[in-house]
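These notes concern the structure reproduced below.
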2 protein chains.
Amino acid sequence: MEYPEAKEKFISTWGSLGTLWGINKAMAQIQALLFISTKPLCMEDIMEDLKISRGNTSMNLRQLMDWGIVTKVLVSGERKEFFTTEKDVQELARIVAKERSRREIKPVIKVLEEVSSIKDDNTEKTRELIKQTKALKDLTDDLDTLMNKLVNQKQNWLTKSVLKFMK
Amino acid sequence: MEYPEAKEKFISTWGSLGTLWGINKAMAQIQALLFISTKPLCMEDIMEDLKISRGNTSMNLRQLMDWGIVTKVLVSGERKEFFTTEKDVQELARIVAKERSRREIKPVIKVLEEVSSIKDDNTEKTRELIKQTKALKDLTDDLDTLMNKLVNQKQNWLTKSVLKFMK
DNA sequence: TTAAACTTTCAATAATTATTGAAAGTTTAA
DNA sequence: TTAAACTTTCAATAATTATTGAAAGTTTAA
């Protein structure tokens with residue numbers, strides 16, 4: 001496999017993986033492109049490489065900036081804007097985990113909390129609802145905390161030792 | 001909040017969370033309904049409760065069985081089929097993690113491996129591609145292993161102690 | 001200031017994904 | 001066997017989501 005094929009394969013795979021970390025295809029592909037680029041790219045570069053429209057590029061770049069994954073960089077002597085992505089995978093994982101937690105997991109935990117704290121009227125079905133949503137809430141909460149903690153360790157010694165210990 | 005509202009809220013929240021664990025809305029809602037039901041339900045029950053068609057119910061039940069989350073149960077004296085879901089959240093998490101890993105994460109790791117092992121032709125862009133995809137591969141691999149291990153611990157002492165330690 | 005170079009917005013449309021429901025298929029009781 | 005009770009399949013359609021591209025908006029150099 002040569003460079004162009006490898007590049008294409010990486011971008012399309014990462015793009016389709018987008019759903020897994022909760023963003024859309026174009027967004028993931030732009031991030032992927034920036035991730036393997038040796039220098040900041042401008043809108044034109046991205047549009048051309050991924051064959052997507054100007055509007056699409058603009059909107060998705062903005063979303064990536066919202067997430068805190070992509071930043072504008074000024075290239076001296078150039079009028080237009082250039083973009084780079086966070087290049088350190090640890091930091092990237094940290095940002096993604098934090099954002100997903102905030103956007104999706106936390107709100108779900110809140111609902112589960114509300115639902116599991118309804119008044120127990122002693123009917124079987126109410127008891128089951130309370131019991132099951134409470135269990136789900138506890139689990140979701142634990143996994144969320146754990147994921148954030150693990151990914152937050154800059155030095156990551158814990159992850160490493162846990163991995164070593166369990167492999 | 002009374003039972004009917006709480007039930008509805010739980011089902012719709014869990015349904016929209018479906019995407020987060022990689023299944024569609026109807027599938028997640030069926031699972032949610034079974035999860036808080038005190039007894040196995042038949043197709044008719046599910047269709048009626050969620051207001052979805054027979055075909056939709058049938059297809060999504062089958063997918064849930066494919067995942068190993070829902071099982072058929074025979075109710076004596078009844079001709080039609082009844083369904084239940086795994087009621088233990090730990091076990092549910094274990095199944096979901098395993099399936100997601102197998103269906104989505106493992107294939108991505110494979111591609112990252114291929115891409116990161118292309119021949120180094122000493123150009124800057126090739127080097128960057130190799131370096132970055134390798135870093136991503138290592139991270140993905142670690143997180144995948146970790147998640148499976150954590151969720152696999154039946155007794156879950158590790159998760160508990162890690163949580164306690166870090167909170 | 002102004003006009004060229006750029007970015008953003010957003011209505012229209014395309015692409016994708018989910019859902020329906022009727023027809024075909026299967027199972028079981030009599 | 002057969003016909004009633006059930007489940008599955010799948011083409012048609014609906015719903016949702018992503019994308020385009022032109023118009024409007026903004027910035028900057030001269």
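A note on names: the letters A, B, ... follow the listed sequences, proteins ahead of strands, and every chain is numbered from 1.
- Distance, B:M65 CE to D:dT8 P: 6 Å, rounded to whole Å.
- When the P atom of D:dG21 is taken as reference, atom CE of A:M59 falls 15 Å away, rounded to whole Å.
- Judged by atom type and distance alone, B:R54 does not reach the base of D:dT7 through any side-chain donor-acceptor pair under 3.5 Å.
- There is no side-chain donor-acceptor pair under 3.5 Å between A:W14 and A:Q29.
- Between B:S58 and D:dT8 there is a side-chain polar atom (N or O) within less than 4.0 angstrom of OP1 or OP2.
- Ranking C:dA5, C:dT19, C:dT8 by closeness to the A:M43 side chain, first place goes to C:dT8.
- For C:dG25, the paired base is D:dC6 (Watson-Crick or G-U wobble, both distances below 3.5 Å).
- Between the side chains of B:Q31 and B:T85, at least one donor N or O lies within less than 3.5 Å of an accepting N or O.
- What separates CG of A:L41 from C1' of C:dC6 is a distance of 17 Å, to the nearest Å.
- Look at CD on B:Q63: it is 13 Å from C1' on C:dT19, rounded to the nearest Å.
- The closest donor-acceptor contact from the side chain of B:S101 to the backbone of B:A97 lies at 3.5 Å or more, if one exists at all.
- Pairing partner, C:dA12: D:dT19, with both Watson-Crick or wobble hydrogen-bond distances short of 3.5 Å.
- Of all nucleotides listed (D:dT20, C:dC6, D:dA5), D:dA5 comes nearest to the side chain of B:R79.
- A straight line from CE of B:M47 to C1' of C:dG21 spans 10 Å, rounded to a whole angstrom.
- Taking atom CG of A:N60 as the reference point, atom C1' of D:dA18 lies 9 Å away to the nearest angstrom.
- Rounding to whole angstrom units, CZ of residue B:F82 and P of D:dA5 are separated by 15 Å.
- Atom-to-atom, NZ of A:K25 to P of C:dA15 comes out at 11 Å; the value is rounded to the nearest Å.
- Within the shown strands, D:dT1 is the pairing partner of C:dA30 under the Watson-Crick or G-U definition, both distances less than 3.5 Å.
- Ion pairing between a basic and an acidic side chain is recognised when a charged N comes within 4.0 Å of a carboxylate O; A:D141 and A:K137 show such pairing.
- Residue B:N56 is in base contact, counting any heavy-atom pair closer than 4.0 Å across all strands shown.
- B:D120 pairs in a salt bridge (Lys or Arg N to Asp or Glu O under 4.0 Å) with only one of the listed residues (B:K131, B:R127, B:K134), which is B:R127.
- Taking only side-chain nitrogens and oxygens, B:R62 comes nearer than 4.0 Å to OP1 or OP2 of D:dT9.
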